[in-house]
Amino acid sequence: MAAASPVLRGCLLAAAALLLLCCATGAGAVTRQYQFDVQTTSVTRLCSTKSVVTVNGQYPGPTLFAREGDHVEVTVVNHSPYNMSIHWHGIRQLLSGWADGPSYVTQCPIQPGGSYVYRFTIAGQRGTLWWHAHISWLRATVHGPMVILPPAGVGYPFPAPDGGEVPIVFGEWWRNDTEAVISQALQTGGGPNISDAYTLNGLPGPLYNCSAQDTFKLKVKPGKTYMLRLINAALNDELFFSVANHTLTVVDVDALYVKPFTVETLIIAPGQTSNVLLTAKPAYPAASYYMLARPYTTTQGTFDNTTVAGVLEYEDPCPTGAAAAAAAGSKSVPVFSPTLPQINDTSAVSNFTAKLRSLASTEYPAAVPQEVDHRFFFTVGLGTHPCAVNGTCQGPNGSRFAAAINNVSFVLPTTALLQSHFAGASRGVYASDFPYYPLRPFNYTGAPPNNTNVMNGTKVLVLPYGADVELVMQDTSILGAESHPLHLHGFNFFVVGQGFGNFDPASDPAKFNLFDPVERNTVGVPAGGWVAIRFHADNPGVWFMHCHLEVHMSWGLKMAWLVLDGSRPDQKLPPPPLDLPKC
């Protein structure tokens, strides 16, 4: 019997682990322990083999399973030649900021040969999240799903899928070493080379050359309902996703329940997750169906304009005649393809996001801050740095590409912000004067200003414990309007409003939804528009906020919030663990 492929083996192991977890009964939460061995592994895609960094030799990496309320301990051992840290994307990390993972923000990286145990409790969260490397561009291959089930005995607030639950991880693949790709871009000041393919559960699929054998296939039974746990782990691209001749019912985003709604196509940005229900046709259709994903972008630059395909295949319970012949391999069934929106279809994106609403039920209330005591206005977008004297740069008009929030292009320090804050040693590491609003207002979505340069800085914005915060994030068109998926560590937030053009503080707040806005951890700032969020700062520590397009983060589109300790013992950040890596 032939050995199972790594992808199939990973899916089988995941299914077995999920079955054990689902069947386990018992009241209390438990401690779940995992070991992540970070190592280099040879992987072949697009008929080319290269060495990539993986966890436990798997691409994508292993699935972490837990229940809401569980304590999780993950021992990460770095056998690779690179510095490493792991971020548990979307986990609140209440009073466990030392385990959040972004290098030089909450920890120094794990050096080659070193190890670190990430310890955290999953509080008030259930659904799909994910983990990934949080240093340089290593998350291209160092990532995997986190499946968080409700507590034992607690069901879903929607009909449970009777066919199964399947992680669907979207990614990007480069033939070249991604560390070399971003290194070259930062040296030249130009844009990085684009990816060569998108992947679905690590596989590019039949629409790419030399890749028909590397296709993810989801086998379904007629009449059954399946939960697809979607994760966009791509580095630089938001993606449209659709399954031919099938609808998708969205029940969850970013591990938070939403009012269910049904669509033919959805949009998912890097960093975002979503649980969707797919109900198979009632009878065997004698056909297969493409599951397609391709980018949404309004960029004026280059991007990977290709499409990844998986295949939805039906099991025929009683194959006879033509179906039996097809099952025997003598005749193939037709494969149908969905129609995806145009690459730059902003209306399709806004129509989808407008449907997202929190469940806002008695059991799962939407605790939206009704009043706020801190309001901030951040511009987010691209800009430039001047080229060095006598230098040659490949950015706009001979400059270097940059990105900024409120005109500050964030520079990571050489020691971790959280360690410096906790030790009271911030001098020379960071400043606490991040601007609350743009110091020089302009027509953000109109003609760009003559001076497109941004400043460098390592600045944080300080919040008292318990503050109720409203933040408006405004896209700028300095180098072209683009959507920016902004991810906030340490918190979920409510998306209370969004629109196109410049935010109007006089009229737009009256339209805010303070009853059932969607709650999430990553939100797209609309291209040429704005988004307003609210959150309750109940988690002391230093929390990164950044664009989840890796190229924009590399250029500086990031900042950090510093939430001070509260007065009570349970409102104070505990001391760092003894094995916290050192710089």
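Just so you know, residue 1 is the first one in the sequence shown, and it goes up from there. The analysis underlying the following values was restricted to heavy atoms, covering all of them including side chains, and did not include hydrogens, waters or symmetry mates.
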So, are Asp508 and Lys511 salt-bridged, with charged N and O less than 4.0 Å apart? yes

Can I get a per-line list of side-chain donor-acceptor pairs under 3.5 Å for residues 435-447, giving both atom names and the distance, sequence neighbours left out?
unit_1	atom_1	unit_2	atom_2	d
Asn443	OD1	Gly446	N	3.4
Asn443	OD1	Asn502	ND2	2.8
Thr445	OG1	Asn502	OD1	2.9

Centroid separation Tyr34 to Phe65 less than 6.0 Å: no

Consider only side-chain N and O atoms of Thr128 and Thr273, and report whether a donor and an acceptor are under 3.5 Å apart. no

Would you call the rings of Tyr116 and Tyr118 parallel, tilted or perpendicular, where under 30° means parallel and over 60° means perpendicular? perpendicular

Quick one: do His385 and Asn453 satisfy side chain to side chain donor-acceptor pair (under 3.5 Å)? Show the steps, please. CA-CA 5 Å; His385 286 317; Asn453 287 339; 6.0 Å; no

Distance col, row Thr299:OG1 vs Asn344:CG, nearest 0.5 angstrom, shows 11.5 Å

Which class fits the ring pair Phe503 and Trp530: parallel under 30°, tilted 30 to 60°, perpendicular over 60°? perpendicular

Can you tell me which residue pairs pass the ring-ring contact (aromatic ring centres under 6.0 Å, His included) test with a partner in residues 467-486, sequence neighbours excluded? His484-His552

Trp561-Phe535 aromatic ring centre distance below 6.0 Å: yes

Could you tell me whether the side chains of Asp538 and Tyr465 share a donor-acceptor contact shorter than 3.5 Å? no

Decide side chain to side chain donor-acceptor pair (under 3.5 Å) for Ser420 and Ser426; before the verdict, give the C-alpha distance in whole Å, the side-chain angles of both, and the deciding distance to 0.1 Å. CA-CA 5 Å; Ser420 302; Ser426 64; over 6 Å; no

To the nearest 0.5 Å, what is the distance between CD1 (Ile110) and OG (Ser103)? 8.0 Å

Does the plane of the ring in Tyr257 sit parallel, tilted or perpendicular to the ring in Tyr364? Use 30° and 60° as the thresholds. perpendicular

Is there a donor in the side chain of Thr297 and an acceptor in the side chain of Glu482, or the other way round, less than 3.5 Å apart? no

Parallel, tilted or perpendicular, as decided by the 30° and 60° cut-offs, for the rings of Trp543 and Phe491: perpendicular

ring-ring contact (aromatic ring centres under 6.0 Å, His included), that's the test. Do Phe261 and Phe352 meet it? Break it down for me. CA-CA 10 Å; Phe261 64 95; Phe352 176 80; 5.6 Å; yes

With the side chain counted from C-beta on, respond yes when Leu256 and Asn492 share a heavy-atom pair under 4.5 Å apart, and no when they do not. yes

Using the ring of each side chain (for Trp, its six-membered ring), is His487 parallel, tilted or perpendicular to His546, with breaks at 30° and 60°? perpendicular

Test applied, side-chain hydrogen bond (donor to acceptor under 3.5 Å, both in side chains); reference residue, Arg139; option that passes from Glu550, His89, His134: Glu550

Please report the interatomic distance CG(Leu573) to CG(Asp565), rounded to the nearest 0.5 Å. 6.5 Å

Apply ring-ring contact (aromatic ring centres under 6.0 Å, His included) to Phe410 and Phe434, showing your working. CA-CA 10 Å; Phe410 192 89; Phe434 189 89; 8.2 Å; no

